[in-house]
Structures are given as structure tokens and as C-alpha cells.
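Residues: numbered from 1 along the sequence shown.
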Amino acid sequence: MLDRSRTRAGEPDSAALRHTVARARRAEQLGYHRFWVAEHHAVPGIASGSPPVLMAAVAAATDRIRVGSGGIMLPNHQPIVVAEQVAMLAALYPGRIDLGIGRSPGFTEPVRRALRAAAADDDTFRAELAELRSFLDGTGPVTVRPRPERSVPLFLLATGAGLRLAGELGLPAVVGGPVLDDRAALEGYRERAGDAAHLVVSADVLVGHPDLALSEAWALAAARTTGEFPPLEPPDPGRRTTARQRDTVARSLARTLAGDPDTVAELLDDLVARTGADELMVSSSTWDREALDASDAALARLLVGGRAHAGR
């Protein structure tokens with residue numbers, strides 16, 4: 001499960017973070033295998049700007065579930081700092097920490113300036129990723145402290161060239177969006193990665209009334225037309241929107257796997273069959289927190305009960 005700490009209109013950002021921790025506890029009780037948090041900077045709709053800090057809070061509130069990042073954006077950080085943060089978490093919560101790495105820069109130009117970050121070309125990103133791995137496996141020019149006692153699983157958030165890089169390096173790849181329909185890219189990853197291939201497919205999944213997906217779709221439409229990703233608002237099917245916004249909403253809803261349990265099970269089976277997913281990462285949000293909790297529980301019953309063939 002990926003939780004982006006979505007904010008809600010009329011609530012302080014802290015409420016989103018508290019809900020993330022509470023959701024992680026429930027996810028563990030429901031039998032989910034991993035719980036990941038995100039990195040977004042100065043985005044009104046997302047409260048999670050520091051994955052390692054939030055990972056520490058989630059790990060402290062749970063006992064067994066693996067805790068990770070989806071992901072830490074390497075261009076925003078020095079590799080040794082990421083390695084030290086992850087090594088600290090792994091020392092405190094041995095055998096429970098995952099590291100998901102991405103390469104997206106800040107959302108807007110002012111954010112990128114504040115981060116002192118720039119979009120990384122393929123060679124730069126590859127070099128920084130190699131440096132990070134060397135710190136984590138003890139082969140770097142300096143030894144990070146605390147010194148890692150065991151390897152931390154590294155996942156690459158991959159689209160386009162990133163999927164090729166994940167294959168060449170033999171890393172697990174996390175994919176979502178349009179690349180899920182690119183069979184050649186997915187097959188190319190498996191060919192390059194060989195026995196090390198592990199494909200984590202990310203999808204928005206909501207078990208319940210399809211209107212649950214409207215709040216997130218509207219937020220995306222607002223971001224596309226105003227440049228600012230806003231907090232969630234209550235769903236209103238009659239909401240006034242522009243033609244461009246309606247098109248964005250329609251495309252967002254089409255990508256969301258939503259509906260009653262039988263419908264979602266069929267959609268999941270189709271997704272796994274199309275992509276050959278080794279693991280499913282659920283990334284979902286809606287205005288109604290109780291409905292979201294019910295969806296998480298219903299999805300766990302689907303997967304654990306075998307009605308859908310996707311792995312947890």
C-alpha cells in the first residue's frame with residue numbers, strides 16, 4: 001500500500017499525517033505486506049515532504065509490516081544522506097525497511113530552486129544511484145553509520161528510460177500509469193533483469209461506489225488546469241467543470257480500478273494478466289476516510305481470499 005498523506009479541505013496538514021500512521025496500523029492488521037509513503041514538496045494536497053521521518057513514525061507504530069518509500073527522489077538529495085537515513089531506519093527496525101528511489105524533480109520551478117535540484121539526465125542519475133548503492137553495501141569511499149548489518153531492498157520507480165535502467169541493474173521496478181500498457185517495455189525489463197526481475201504494478205484501487213474516485217480525479221483536473229494539486233474535497237457528481245477538466249476527470253476515472261468486489265477482482269485479474277505483475281501496490285485516496293478504510297479491508301479480503309490473483 002502506498003499512502004501519499006493526502007490533505008483534505010478544512011483540515012490541518014497534521015491530520016493527513018496522523019491518518020497515514022493509523023492507516024498503516026490497519027494495513028498491518030489486514031495482512032498487507034508493505035506500507036510505503038511518498039515525497040512531495042510544497043504541494044497543498046500532500047503533507048508528506050520527508051519520507052524517512054514519516055517512515056520512522058510508521059515503523060514505530062507497527063510491528064511487522066515492511067515500511068518503505070515510494071519514493072525518495074534522488075535528485076533532491078545527496079546519496080550519502082539518503083544512505084545514512086535508510087541505514088538508521090534499518091538499524092532501528094531490522095528486516096522491515098524498503099527503499100524506493102525515484103528521479104522526479106520538484107513539482108514547480110520555485111520548488112526546484114528551493115531544493116537546489118535539477119532534472120537528472122540518465123548518466124547523472126545512474127552515477128548517483130551507483131553511489132547510493134555503494135554506501136548501502138559497504139563498498140563506498142566512506143562507511144555510513146550506523147553501518148548496515150543487512151541489505152536493504154532497493155526498488156526503482158520506473159517510467160521510460162528508468163525501466164530500462166532497472167532491468168540493466170537487476171533491480172525491482174515499480175511501474176504505473178501509461179507504461180502498464182507498453183508490453184514491449186515490460187517485456188524488455190524482464191529480459192534485461194533476468195532472474196532478478198520483480199515487477200511491482202501500482203494502481204489506484206477503490207472497492208465501493210465508483211464515485212469514491214471523484215475527489216482524486218477532481219484534484220488531478222485542478223492540477224492540470226491551475227498548476228496546483230489541491231486538498232481533497234467532498235465528491236459532487238454535479239460539480240461545475242470546464243471541458244478540459246471533464247476530460248481529465250474521465251481519463252482519471254478510467255484508470256482507477258473501482259466498483260464492487262466482483263468488479264474490482266475482475267479488473268485486478270486483467271491488470272495482472274496484462275502486465276505479469278509480481279506484486280500489486282495499491283495507491284488510492286478518497287474524501288471519506290471511513291470509506292477508504294472499508295475499501296482497504298475489502299481489498300485485503302479479495303487478495304487474501306483468492307478472488308483476485310494479484311499478489312499482496
Side-chain angles (χ1 to χ4, degrees), residues 1-8 10-74 76-78 80-102 104 106-107 111 115 132 136 144-146 148-150 152-155 157 174 200 202 229 231-232 281-287 289-290 292-293 295-297 299-300 312:
M1 181 180 293
L2 171 65
D3 185 283
R4 292 179 297 156
S5 302
R6 289 289 274 119
T7 59
R8 285 163 174 78
E11 291 186 352
D13 290 356
S14 58
L17 298 175
R18 289 192 295 270
H19 180 256
T20 293
V21 175
R23 193 180 185 193
R25 285 196 295 263
R26 285 189 293 270
E28 180 174 79
Q29 295 166 0
L30 291 168
Y32 285 89
H33 181 51
R34 308 183 198 274
F35 190 92
W36 284 15
V37 300
E39 176 182 344
H40 293 272
H41 297 280
V43 177
I46 298 175
S48 176
S50 178
V53 174
L54 189 51
M55 287 166 63
V58 168
T62 54
D63 297 312
R64 302 175 307 279
I65 196 167
R66 298 195 65 90
V67 180
S69 57
I72 292 176
M73 299 301 154
L74 193 54
N76 297 339
H77 313 280
Q78 294 295 330
I80 189 172
V81 174
V82 176
E84 288 174 336
Q85 292 170 337
V86 172
M88 181 77 76
L89 288 166
L92 293 170
Y93 307 101
R96 295 184 55 205
I97 301 302
D98 299 328
L99 175 57
I101 288 292
S104 298
F107 187 66
V111 172
L115 289 168
L132 171 62
L136 290 174
V144 299
R145 302 290 176 176
E149 298 177 13
R150 64 178 79 183
V152 175
L154 181 63
F155 298 75
L157 277 62
V174 182
V200 182
S202 176
F229 191 61
L232 293 169
M281 175 175 288
V282 180
S283 173
S284 55
S285 57
T286 187
W287 166 263
R289 287 197 176 98
E290 290 186 1
L292 183 60
D293 293 343
S295 173
D296 291 345
L299 179 59
R312 283 185 294 142

Handout entry: Nearest heavy-atom neighbours spanning V144 and A87
Key = CG2-CB, 4.4 Å
Problem - Closest approach of I72 to E39 (non-hydrogen atoms, all atoms of both residues) - result: CA-OE1, 3.4 Å
Practice task
Would you please name every residue forming a side chain to side chain contact (heavy atoms under 4.5 Å, CB included) with L17, sequence neighbours left out?
Solution key: S5, A47, L54
Practice task
Work out which heavy atom in R150 is nearest to a heavy atom in G95; give both atom names and the distance.
Solution key: NH1-CA, 3.5 Å
Fill in the blank from the handout: Residues at least two apart in sequence or cross-chain that pass side chain to side chain contact (heavy atoms under 4.5 Å, CB included) with H40, listed by chain then number, are R4, A38, V43, I46
Problem - S284 vs L292 side-chain heavy atoms within contact, under 4.5 Å - result: yes
Practice task
With side-chain contact (heavy atoms from CB on, under 4.5 Å) as the test, would you mind laying out the steps for D293 and H19 before giving the verdict?
Solution key: CA-CA 10 Å; D293 293 343; H19 180 256; 3.8 Å; yes
Problem - Set of residues satisfying side chain to side chain contact (heavy atoms under 4.5 Å, CB included) with respect to A27, sequence neighbours excluded - result: M1, Y32, F35, I65
Problem - Counterpart residues, side chain to side chain contact (heavy atoms under 4.5 Å, CB included), relative to Q29 (two or more places apart) - result: R26
Handout entry: Heavy-atom side-chain contact between L232 and T286 under 4.5 Å
Key = no
Completion exercise
Interatomic distance, CG@N76 vs CG@L115, rounded to 0.5 Å, equals 4.5 Å
Handout entry: Least distance between heavy atoms, R8 atom then P231 atom
Key = C-CB, 3.8 Å
Exercise for the section: Under the side-chain contact (heavy atoms from CB on, under 4.5 Å) rule, what do R6 and F229 come out as? Steps first, then yes or no, please. Expected result: CA-CA 10 Å; R6 289 289 274 119; F229 191 61; 3.5 Å; yes
Problem - Close side-chain approach of T62 and R96, heavy atoms under 4.5 Å - result: yes
Exercise for the section: Supply the atom-to-atom distance L2 CG to S69 OG, rounded to the nearest 0.5 angstrom. Expected result: 10.0 Å
Completion exercise
On a heavy-atom basis, the closest approach of I97 and P153 is O-CD, 3.4 Å
Handout entry: Pairs satisfying salt bridge (charged side-chain N to carboxylate O under 4.0 Å, His left out), at least one member in residues 11-23, at least two apart
Key = D3-R23, E11-R289, R23-D296
Handout entry: Donor-acceptor contact present, side-chain S104 to main-chain M73, <3.5 Å
Key = no
Handout entry: salt bridge (charged side-chain N to carboxylate O under 4.0 Å, His left out): pairs with one or both residues in residues 42-71, sequence neighbours excluded
Key = R66-D98
Practice task
For the residue pair F155 and W36, categorise the inter-ring angle as parallel (less than 30°), tilted (30 to 60°) or perpendicular (more than 60°).
Solution key: perpendicular
Exercise for the section: Would you indicate whether the side-chain heavy atoms of L132 and L99 approach each other to under 4.5 Å? Expected result: yes
Handout entry: Minimum heavy-atom distance between G102 and L157, given as atom pair plus value
Key = CA-CB, 4.2 Å
Exercise for the section: Answer whether the closest heavy-atom distance between the side chains of V81 and Q85 falls below 4.5 Å. Expected result: yes
Exercise for the section: Measure the spacing between CD of E84 and CD of Q78 and express it to the nearest 0.5 Å. Expected result: 11.0 Å
